[in-house]
Amino acid sequence: MRFLPIALLATIAAVPAHAQQTEEEPGEAADTITVSGSAGLTTDYRFRGVSQTDGELAVQGGITATHTSGVYVGAWGSNLAGWGTFGGANMELDLYAGVKVPVGAGTLDTGLVWYMYPGGADETDFAELYAKLSGTVGPLALTAGVAYAPQQEALGNVFFTGAAALAGLPDDPGDKEDNLYLSADAVYALGGTPVSLKAHLGYSDGNPGLGPNATSVAPTGTYFDWSLGADITPLEGLTFSIAYVDTDISRAESAYLQPSFSRGQDGVGAIAGSTVVAAVTASF
């Protein structure tokens, strides 16, 4: 179970840090590069509703460089579960590049993210394309997103069951599959306060088994994830977050994935059940 991109409680904040400016001709706007970043601590790294840290703490951080044209590049990282999943890696490093362009009264953000697991097996890494359309209606900020990962070995249905993965006996070695993720997010800023209420709904459609190293972006094939929470920003650049996170994956539906789909791989504790996640993020 992984990732991405796309957990949600310690995201990279776009607060300008410094700018680099070129010589400009009269009447021309200068080319400017803005650097922003963040560092945070969360009680559980949930990616699309599934824990990537075995329900334990995660330290996360990232940095992004954005050009005035809307083109940007960046990196984001987090620790993972400490029992050697993700091909033996205990760290996730996401490298991404994209562009933001105005569309009517909103913004279209498209790009590519490369999910890496340093120290792990090469076939665990994979790439994903994404597009997000965002806009505001009064104090309400809305975002609709789609992420698509083309066929890759990391997403393949290599092990049909957790038992096969535990025994190291692949059912379909080298299999390659794709993955689709749809999302909708809403943030409501409470006027005159540092509080914003937020809601998220996601839908995953991928292979219903386990890929190399017994991991999967969509472990049960198709499922929904959602969250409800709030952000409190008492000072510029400092955010406290809390959210209720859940999926519609039942223990019965995921039983065939055990012990891979359990806390500590003990075959008992679920890593996709409901939980409350708290986080603190400092941005610059």
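The shortest side-chain heavy-atom distance between V59 and L57 does not fall under the 4.5 Å cut-off. You'll find the side chain of T42 reaches within 4.5 Å of the side chain of V277, heavy atoms only. Looking only at side-chain heavy atoms (C-beta outward), P234 and F240 come within less than 4.5 Å of each other. In this structure, Y45 and N79 have side chains that are not in contact, with every pair of non-hydrogen atoms separated by 4.5 Å or more. Counting heavy atoms from C-beta outward, D178 and P150 have side chains that stay 4.5 Å or more apart. Residues T136 and L142 form no side-chain contact, since every pair of their non-hydrogen atoms from C-beta on lies 4.5 Å or further apart. You'll find the side chain of L238 reaches within 4.5 Å of the side chain of V280, heavy atoms only.
Taking all atoms of both residues into account, the shortest heavy-atom contact from A58 to T53 is CB-CG2, 3.9 Å. Taking both residues in full, the closest heavy atoms of D125 and A154 are given as O-CB, 3.5 Å, listed atom of the first, atom of the second, then distance. When all heavy atoms of P212 and E123 are compared, the closest pair comes out as CB-CG, 3.4 Å. Taking every heavy atom of both residues into account, I271 and D54 meet most closely at CG2-OD1, 4.1 Å. Closest non-hydrogen pair, A89 versus G120, comes out as CB-N, 3.7 Å. The two atoms that bring V158 and G174 nearest to each other are CG2-N, 4.4 Å, heavy atoms only.
Cluster annotation: Y203 and W226 are assigned to the same hydrophobic cluster (Ile/Leu/Val/Met/Phe/Trp/Tyr, side-chain heavy-atom contacts under 4.5 Å, transitive). A single hydrophobic cluster is not seen to contain both V113 and L93; linkage of ILVMFWY side chains at heavy-atom distances under 4.5 Å, directly or through other members, places them apart. A single hydrophobic cluster is not seen to contain both L228 and I232; linkage of ILVMFWY side chains at heavy-atom distances under 4.5 Å, directly or through other members, places them apart. There is no path of hydrophobic side-chain contacts, each under 4.5 Å, that joins L166 to L210. Cluster annotation: F261 and Y256 are assigned to the same hydrophobic cluster (Ile/Leu/Val/Met/Phe/Trp/Tyr, side-chain heavy-atom contacts under 4.5 Å, transitive).
In this structure, the separation between NZ on K132 and OG1 on T107 is 11.5 Å, given to the nearest 0.5 Å. Here the straight-line distance linking atom CG of L257 with atom CD1 of I249 works out to 8.5 Å at 0.5 Å rounding. Rounding to the nearest 0.5 angstrom, the gap separating the CG atom in L112 from the CG atom in L129 is 5.5 Å. Atom-to-atom distance recorded for D94:CG and E92:CD is 4.0 Å, nearest 0.5 angstrom. The distance from the CD1 atom of I63 to the CH2 atom of W76 is 15.0 Å, given to the nearest 0.5 Å. One finds the CE atom of M91 at 9.0 Å from the CE atom of M116 (value rounded to the nearest 0.5 Å).
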- [ ] Check step by step if side chain to side chain contact (heavy atoms under 4.5 Å, CB included) holds for F224 and L201.
- [x] CA-CA 7 Å; F224 285 94; L201 176 64; 4.2 Å; yes
Open item on the list: With side chain to side chain contact (heavy atoms under 4.5 Å, CB included) as the criterion, how do Y223 and E253 come out once you've worked through the C-alpha distance, each side chain's angles and the decisive distance to 0.1 Å?
Closed with: CA-CA 10 Å; Y223 73 96; E253 290 175 317; over 6 Å; no
Open item on the list: With side chain to side chain contact (heavy atoms under 4.5 Å, CB included) as the criterion, how do V146 and Y181 come out once you've worked through the C-alpha distance, each side chain's angles and the decisive distance to 0.1 Å?
Closed with: CA-CA 6 Å; V146 56; Y181 185 70; over 6 Å; no
TODO: Test side chain to side chain donor-acceptor pair (under 3.5 Å) on D246 and Y244 and set out the steps.
DONE: CA-CA 7 Å; D246 201 359; Y244 170 85; 3.0 Å; yes
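Within the 3.5 Å criterion, the main-chain N or O of N157 finds a donor-acceptor partner in the side chain of D175. No donor-acceptor distance shorter than 3.5 angstrom exists from the side chain of Q258 to the backbone of A255, with no hydrogens or angles considered. A donor-acceptor pair under 3.5 Å is absent between the side-chain atoms of S183 and the main chain of G202, judged by distance alone. Side chain of N207 to main chain of G209: a donor-acceptor pair is present (N/O by atom type, distance under 3.5 Å, no hydrogens or angles). A distance-only check finds a donor-acceptor pair linking the side chain of Q152 to the backbone of A127 [under 3.5 Å]. Using a distance-only test at 3.5 Å, with no hydrogens or angles considered, a donor-acceptor pair links the side chain of T193 to the main chain of V195.
Between D185 and K198 there is no salt bridge, since none of the side-chain N atoms of the basic residue sits less than 4.0 Å from a carboxylate O of the acidic one.
The hydrophobic cluster containing V71, built from Ile/Leu/Val/Met/Phe/Trp/Tyr side-chain heavy atoms closer than 4.5 Å, also comprises V99, V101, V103, L108, L133.
A donor and an acceptor atom, one from each side chain of T247 and D225, are nowhere located under 3.5 Å apart. Side-chain contact of S51 with D44: a donor-acceptor pair under 3.5 Å is present, judged by distance alone. At a cut-off of 3.5 Å, with distance as the only test, a side-chain donor of T124 or N213 sits close to an acceptor on the other residue. T34 and Y72 share no side-chain donor-acceptor pair at under 3.5 Å.
The neighbour count for Y188 OH, taken as heavy atoms of other residues, nucleotides or ligands under 6.0 Å away, does not exceed 12.
Aromatic rings from Y130 and W114 are positioned such that their centres are separated by 6.0 Å or more.
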